[in-house]
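Heavy-atom basis, side chains included; hydrogens, waters and symmetry copies ignored.
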Amino acid sequence: MEEYLRERYAAAAASLSKKLVRRNFQPIICQNLEEAKERALEKIDQNQSVGFGGSITIEQSGIIEELYQRGQKMIDREKTTSPEQRHQVMKQALTADCFLTSINGITEDGELVNIDSVGNRVAALTYGPDKVFAFVSMRKVYGDLNTTLEMVRRNTAPLNAHRLGLEKTPCIKKGTCGDLFTGGMYLQYDCNHQTFNGKRPHCDFFDY
């Protein structure tokens, strides 16, 4: 990253951090994803159970592999062999000691904006796990609430639909996010749940 961009993001992160603190989040500013992973590993007790939602950021960080290597109790839906078993494990993850996720977008005022197909990931952000470790890049800070939701719907939703192979979504059929109530022929939606968290009792939050 160019130095001028690094300086810009550092200043923006420091300002955003203060707003997150006012919302009862516990922000930790990191220089990169590797540092964010290491800080999370330090905070997760080796005797605690860990669940996680679908997230490219979490995958790219390598934190899941390192947790397995140190013998962590993992609640992992990817280890299941049937849709029914996968569903049960996803529910179990909501009662984990710790939950790992990423954030789709964040407002300049510190509100978290997410979209989800099934709802398990946004459910964990709202209630369930004792601790939530949420990873988010400063590149996901989009502006006010309406702008952030629009950016998440127009950018994140189509990419996730293609990544997950949701062939019957408007995102793939039309190449852009569709209206949930006028889709008609579409049998799948990646954005069934559109949520924002304005305040959180406890959440370790990583800016990188």
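A distance of 10.0 Å separates CD of E35 from CD1 of I29, quoted to the nearest 0.5 Å. Between the OG1 atom in T148 and the CD atom in E111 there is a gap of 8.0 Å [rounded to 0.5 Å]. Note that CD1 of I28 is 8.5 Å distant from CD of E42, once rounded to the nearest 0.5 Å. Taken to the nearest 0.5 Å, the CD1 atom of I106 stands 4.5 Å off from the CG atom of L16. To the nearest 0.5 Å, the span separating CZ on F135 from SG on C30 amounts to 8.0 Å. Once rounded to the nearest 0.5 Å, the distance linking CZ of R70 with CD1 of I44 reads 6.0 Å.
Of all the heavy atoms in K43 and K131, the pair that sits closest is O-NZ, 4.2 Å. Nearest heavy-atom pair across I115 and N104 is N-OD1, 2.9 Å. Residues F52 and F99 approach most closely at C-CZ, 3.5 Å, considering heavy atoms. Considering every non-hydrogen atom in both N114 and I103, the closest pair reads OD1-CA, 3.5 Å. Between D45 and N47 the shortest heavy-atom distance is OD1-N, 2.7 Å. Closest of all the heavy-atom pairs between A96 and I75 is CB-CD1, 3.8 Å.
Side chains of L41 and K37 form a contact here, defined as non-hydrogen atoms less than 4.5 Å apart. Put simply, the side chain of R6 reaches to within 4.5 Å of the side chain of Q31, judged on heavy atoms. Between T57 and V136, every side-chain heavy-atom pair lies at or beyond the 4.5 Å cut-off. Taking the side chain as every heavy atom from C-beta outward, L145 and F196 approach each other to under 4.5 Å. Using a 4.5 Å heavy-atom threshold, the side chains of E38 and E66 count as touching. P27 has its side chain within reach of V21: a pair of non-hydrogen atoms, C-beta onward, lies under 4.5 Å apart. Put simply, the side chain of L149 does not reach to within 4.5 Å of the side chain of Y142, judged on heavy atoms.
Proximity of a side-chain donor or acceptor of R23 to a complementary backbone N or O of D109 within less than 3.5 Å is detected. Side-chain atoms of T126 come within 3.5 Å of backbone atoms of V122 as a donor-acceptor pair (strictly under, hydrogens ignored). Side chain of R22 to main chain of S17: no donor-acceptor pair is present (N/O by atom type, distance under 3.5 Å, no hydrogens or angles). In terms of modelled atom types and a separation under 3.5 Å, the side chain of Q72 and the main chain of Q48 share a donor-acceptor contact. In this structure, the side chain of T80 engages the main chain of R77 through a donor-acceptor pair within 3.5 Å.
Other residues, nucleotides and ligands place more than 12 heavy atoms under 6.0 Å from the CZ atom of R86. Dense packing is recorded around CD of E3, with more than 12 heavy atoms of other residues, nucleotides or ligands lying under 6.0 Å away.
Residues T81 and Q85 have side chains that bring a donor and an acceptor to within less than 3.5 angstrom of each other.
Both I64 and L33 belong to a common hydrophobic cluster when Ile, Leu, Val, Met, Phe, Trp and Tyr are linked at side-chain heavy-atom distances under 4.5 angstrom. Cluster annotation: Y127 and F133 are assigned to distinct hydrophobic clusters (Ile/Leu/Val/Met/Phe/Trp/Tyr, side-chain heavy-atom contacts under 4.5 Å, transitive). Note on L100: it clusters hydrophobically with Y68, by side-chain heavy-atom contacts below 4.5 Å among ILVMFWY residues.
At a threshold of 4.0 Å, the pair D97-K73 does not count as salt-bridged, since none of the basic side-chain nitrogens sits closer than that to a carboxylate oxygen.
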Run the numbers on T195 and L125 for side-chain contact (heavy atoms from CB on, under 4.5 Å), then give the verdict. CA-CA 10 Å; T195 67; L125 280 166; 5.8 Å; no
* To do: Starting from the C-alpha separation in whole Å, work towards a yes-or-no answer on side-chain contact (heavy atoms from CB on, under 4.5 Å) for E108 and D144.
  => CA-CA 6 Å; E108 290 179 339; D144 64 17; over 6 Å; no
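Because its NZ or CZ atom is not both nearer than 6.0 Å to the ring centre of Y9 and within 45° of the ring axis, K140 does not count as a cation-pi partner of that residue.
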